[in-house]
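Everything on this sheet refers to the single structure shown next.
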Amino acid sequence: MEPLSDDSIMREMAHMSQVIARRSRQAGGATGASFVLAVLASHEEAMAEGFAPRPLSQVELADIVGIRPQSLGALLARLEADGCIERAAGEQDRRARRVALTDHGRDQAQEARDHQRAFARETLAVLDGAEKQQLAAIVLKINAALG
């Protein structure tokens, strides 16, 4: 196979990202509130592992979920009323609202996360252990360069 150009690699990565997001939601049935809870649970894991420095802001969460912050606001209000999340002003920017799961929210997110983990195992099953390690190193390197 001939080496891909940088543009081609970026197109392939963008396509892969879209397909993974869509199939992950389909595999776990995670849409709307359950998808937001699953994203927050995943982010908590990333913080615990040292890959994320702080809870997500409402704007960051909207970007990850792929909807406008204004649209996410109503969904978060419902999750907050249900006792699944808490929102607090950011430490450095009081206008930025940080979103965090409550214990009840973690319980609600567990099923969606279980489906997402199964999807990850099935998707990465095409790689052997060494390939998974190589992919992880590459992804971490690119993510670090992106900030």
Side-chain angles (χ1 to χ4, degrees), residues 1-80 84-88 90-93 95-102 105-147:
M1 180 173 127
E2 195 170 314
L4 295 176
S5 69
D6 289 351
D7 286 345
S8 294
I9 292 170
M10 292 302 288
R11 276 193 302 276
E12 290 296 325
M13 288 175 31
H15 174 73
M16 181 177 63
S17 176
Q18 291 171 344
V19 171
I20 286 171
R22 182 178 62 250
R23 289 190 182 170
S24 176
R25 286 189 301 270
Q26 292 168 345
T31 58
S34 63
F35 182 54
V36 169
L37 293 174
V39 167
L40 289 169
S42 178
H43 187 77
E44 278 189 353
E45 290 177 10
M47 287 191 311
E49 295 170 357
F51 293 113
R54 58 176 167 63
L56 292 170
S57 71
Q58 188 168 322
V59 171
E60 292 166 330
L61 181 59
D63 186 49
I64 292 168
V65 174
I67 61 176
R68 295 184 354 237
Q70 298 86 342
S71 300
L72 181 64
L75 179 59
L76 293 180
R78 190 173 80 230
L79 288 170
E80 194 169 29
C84 293
I85 65 161
E86 294 174 340
R87 291 187 280 182
E91 292 178 17
Q92 296 179 3
D93 182 353
R95 295 170 298 167
R97 305 282 292 171
R98 299 279 174 224
V99 183
L101 287 174
T102 62
R106 280 182 206 90
D107 292 342
Q108 297 294 312
Q110 187 59 50
E111 185 175 331
R113 290 290 294 132
D114 289 345
H115 287 291
Q116 286 182 334
R117 285 186 186 99
F119 171 75
R121 279 191 305 276
E122 292 165 12
T123 300
L124 296 176
V126 300
L127 303 175
D128 65 31
E131 290 170 327
K132 285 180 188 179
Q133 291 303 315
Q134 184 179 17
L135 176 62
I138 291 167
V139 169
L140 290 171
K141 186 174 185 176
I142 291 171
N143 280 339
L146 292 173

Quick one: does [X]'s side chain get under 4.5 Å of [Y]'s, heavy atoms only?
X: Leu75; Y: Val65; value: no
X: Glu60; Y: Arg54; value: yes
X: Leu72; Y: Arg68; value: no
X: Gln108; Y: Ser34; value: no
X: Asn143; Y: Phe51; value: no
X: Leu61; Y: Val99; value: yes
X: Leu37; Y: Ile85; value: yes

With rounding to the nearest 0.5 angstrom, report the [atom1] to [atom2] distance, [X] to [Y].
X: Lys132; Y: Leu135; atom1: NZ; atom2: CG; answer: 10.0 Å
X: Ser17; Y: Met10; atom1: OG; atom2: CE; answer: 10.5 Å
X: Glu45; Y: Leu40; atom1: CD; atom2: CG; answer: 11.5 Å
X: Ser8; Y: Met13; atom1: OG; atom2: CE; answer: 12.5 Å

Applying side-chain contact (heavy atoms from CB on, under 4.5 Å) to Arg98 and Arg87, what does each step give before you reach the verdict? CA-CA 5 Å; Arg98 299 279 174 224; Arg87 291 187 280 182; over 6 Å; no

Looking at every heavy atom in both [X] and [Y], which two are closest together, and how far apart are they?
X: Val126; Y: Glu131; result: O-OE1, 4.1 Å
X: Ala33; Y: Arg78; result: CB-NH2, 3.6 Å
X: Ala109; Y: Ala41; result: CB-CB, 3.9 Å

State plainly whether the residues Arg117 and Glu122 are in salt-bridge range, i.e. N to O under 4.0 Å.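 Looking at Glu122 together with Arg117, the answer is no, because their closest N to O distance does not fall below 4.0 Å.
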
Ion pair check, Glu44 and Arg106, cut-off under 4.0 Å: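 Yes, Glu44 and Arg106 are salt-bridged.
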
Against Ile142, only a single residue in Ile138, Val139, Leu140 fulfils side-chain contact (heavy atoms from CB on, under 4.5 Å); can you say which?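 The side-chain contact (heavy atoms from CB on, under 4.5 Å) with Ile142 is passed solely by Ile138 among Ile138, Val139, Leu140.
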
A quick test of your reading: do over 12 heavy atoms of other residues, nucleotides or ligands sit less than 6.0 Å from CD of Gln134?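 No, because the 6.0 Å sphere around CD of Gln134 holds 12 heavy atoms or fewer from other groups.
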
